[in-house]
Amino acid sequence: MGEDKALKPFLGRPLIQRVIDRLSPIADELIVTTNRPSEYGYLNTSTGSVHRLRLISDLKPDRGALGGLYTAVASATHPLVAVVACDMPFASARLIEGMSRLLVENEADVVIAKSDEGYEPIHAVYRRETCLPAIESAIEADQWKVIAWFPQVKVYTLSSEDIRRYDPSGLAFWNVNTPEEFMKAEEIAQY
């Protein structure tokens with residue numbers, strides 16, 4: 001896109017603010033992983049939840065998405081951690097709540113969707129206690145795939161029925177990567 005998607009105005013406000021607003025009603029804490037915290041400092045005053053929002057730089061620098069996932073899970077203070085990308089304008093609180101219930105009911109460590117393109121690790125729920133050491137082990141083994149550590153934990157993959165039940169619009173996993181997708185998402189969001 002040629003610019004930071006998280007800060008790009010979406011219906012007049014930064015896209016990351018939209019994602020935060022969609023998920024904050026169900027969050028006990030909000031963590032934004034960023035290596036440029038000064039650019040996101042305004043979030044502490046605009047969310048209305050100063051006590052719950054923390055800006056955290058990568059704990060394992062230069063490790064891509066796996067390092068970001070590690071940072072989110074390691075920085076969380078609660079046993080269940082929902083991770084959502086900042087470029088998902090339709091991130092779903094209802095889906096995250098459903099995923100959390102399924103994680104507990106199935107005694108899973110990860111609840112995640114899988115599409116034709118593969119797993120959706122950046123709109124998923126993780127059990128901190130079991131996932132953190134597995135992610136750390138993958139990083140130490142110089143693995144880069146975000147799901148490289150899945151064989152070490154119990155993964156519950158959402159069925160298409162689960163997804164439809166919690167995300168009837170089918171938009172929760174859509175991330176915007178091009179100006180055209182961004183404009184289309186804004187159109188849809190206005191309805």
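Because only heavy atoms are used, hydrogens play no part in the values below, and waters and symmetry mates are left out as well, while side chains stay in.
Between the side chain of Asn106 and the backbone N or O of Ala108 there is no donor-acceptor pair closer than 3.5 Å. Remark: side-chain polar atoms of His123 are paired, donor with acceptor, to backbone N or O of Ser92 under 3.5 angstrom. Distance alone, capped at 3.5 Å, is enough to place a donor-acceptor pair between the Arg22 side chain and the Ala91 backbone. Put simply, the side chain of Ser57 gets close to the backbone of Thr34: a donor and an acceptor are under 3.5 Å apart.
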Donor-acceptor pairs under 3.5 Å, side chain of residues 74-85 to any protein atom, not counting sequence neighbours: which ones?
residue: Ser75; atom: OG; partner: Thr71; partner atom: O; Å: 2.7
residue: Thr77; atom: OG1; partner: Glu29; partner atom: OE1; Å: 3.1
residue: Thr77; atom: OG1; partner: Glu29; partner atom: OE2; Å: 3.1

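When all heavy atoms of Arg18 and Ala189 are compared, the closest pair comes out as NH2-CB, 3.7 Å. When all heavy atoms of Ala124 and Ile112 are compared, the pair lying nearest together is CB-CG1, 4.0 Å. Contact between Val153 and Thr130 at its shortest, heavy atoms only, is CG1-O, 3.8 Å. Considering all non-hydrogen atoms of both residues, Ser137 and Gln152 come closest at OG-NE2, 3.8 Å. Looking at every heavy atom in both residues, Thr33 comes nearest to Gly68 through CG2-O, 4.0 Å. The two residues Leu11 and Glu186 make their nearest non-hydrogen contact at N-OE2, 2.7 Å.
Residue Leu30 is not grouped with residue Met88 when hydrophobic side chains (ILVMFWY) are merged at heavy-atom distances under 4.5 angstrom, including chains of intermediate members. Clustering ILVMFWY residues whenever any of their side-chain heavy atoms sit less than 4.5 angstrom apart, transitively, puts Tyr70 in a cluster other than the one holding Trp144. In terms of hydrophobic clustering, with Ile, Leu, Val, Met, Phe, Trp and Tyr side chains grouped at heavy-atom distances under 4.5 Å, Val19 and Ile26 are assigned to a common cluster. Linking ILVMFWY side-chain heavy atoms closer than 4.5 Å, directly or via other members, places Leu59 and Val73 in a single hydrophobic cluster. Ile163 and Leu102 end up in the same hydrophobic cluster when Ile, Leu, Val, Met, Phe, Trp and Tyr side chains are linked at under 4.5 Å.
No side-chain heavy atom of Tyr40 sits less than 4.5 Å from a side-chain heavy atom of Pro14. By the 4.5 Å heavy-atom criterion applied to side chains, Ile188 and Lys184 are counted as neighbours. Trp149 places a side-chain heavy atom less than 4.5 Å from the side chain of Leu66. Counting only heavy atoms from C-beta outward, the side chains of Leu43 and Gln17 approach each other to under 4.5 Å. Put simply, the side chain of Tyr166 does not reach to within 4.5 Å of the side chain of Met99, judged on heavy atoms. In this structure, the side chains of Val32 and Ile56 stay at 4.5 Å or more apart for every pair of heavy atoms. Annotation: side chain of Val110 is in contact with side chain of Cys131 (closest heavy-atom distance under 4.5 Å). The shortest distance between side-chain heavy atoms of Phe182 and Pro89 does not fall below 4.5 Å.
With respect to Asp142 and Arg63, a salt bridge is recorded, a charged nitrogen being found less than 4.0 Å from a carboxylate O. Residues Arg165 and Asp162 are paired through a salt bridge, judged by an N-O separation under 4.0 Å between the basic side chain and the carboxylate. With respect to the salt-bridge test (charged N to carboxylate O, under 4.0 angstrom), the residues Asp87 and Lys8 do not qualify.
Here the CD1-CD1 distance, from Ile135 to Ile147, works out to 12.5 Å after rounding to the nearest 0.5 Å. Arg101 contributes atom CZ, which lies 11.5 Å from atom CD1 of Ile96 (distance to the nearest 0.5 angstrom). Rounding to the nearest 0.5 Å gives a distance of 12.0 Å between CG of Leu132 and CG of Asp109.
Residues passing the salt bridge (Lys or Arg N to Asp or Glu O under 4.0 Å) test with Asp167, sequence neighbours excluded: none. By the salt bridge (Lys or Arg N to Asp or Glu O under 4.0 Å) test, Glu129 pairs with no residue at all, sequence neighbours left out.
The local environment of CD in Glu140 is crowded, with over 12 non-hydrogen atoms from other residues, nucleotides or ligands closer than 6.0 Å. Lys60 NZ: more than 12 foreign heavy atoms inside a 6.0 Å radius.
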I'd like to know whether Ile20 forms a side-chain contact (heavy atoms from CB on, under 4.5 Å) with Leu53, so could you lay out the CA-CA distance, the side-chain angles of the two residues, the decisive distance to 0.1 Å, and finally the verdict. CA-CA 10 Å; Ile20 287 170; Leu53 180 83; 4.3 Å; yes
Evaluation steps, ring pair (Phe, Tyr, Trp, His ring centres under 6.0 Å), between Phe90 and Phe173: CA-CA 7 Å; Phe90 303 103; Phe173 302 109; over 10 Å; no
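Residues Glu161 and Ser159 bring no donor and acceptor atom of their side chains to less than 3.5 Å of each other. Side-chain atoms of Asn177 and Lys5 form a donor-acceptor pair, as typed in the model, at a separation below 3.5 Å.
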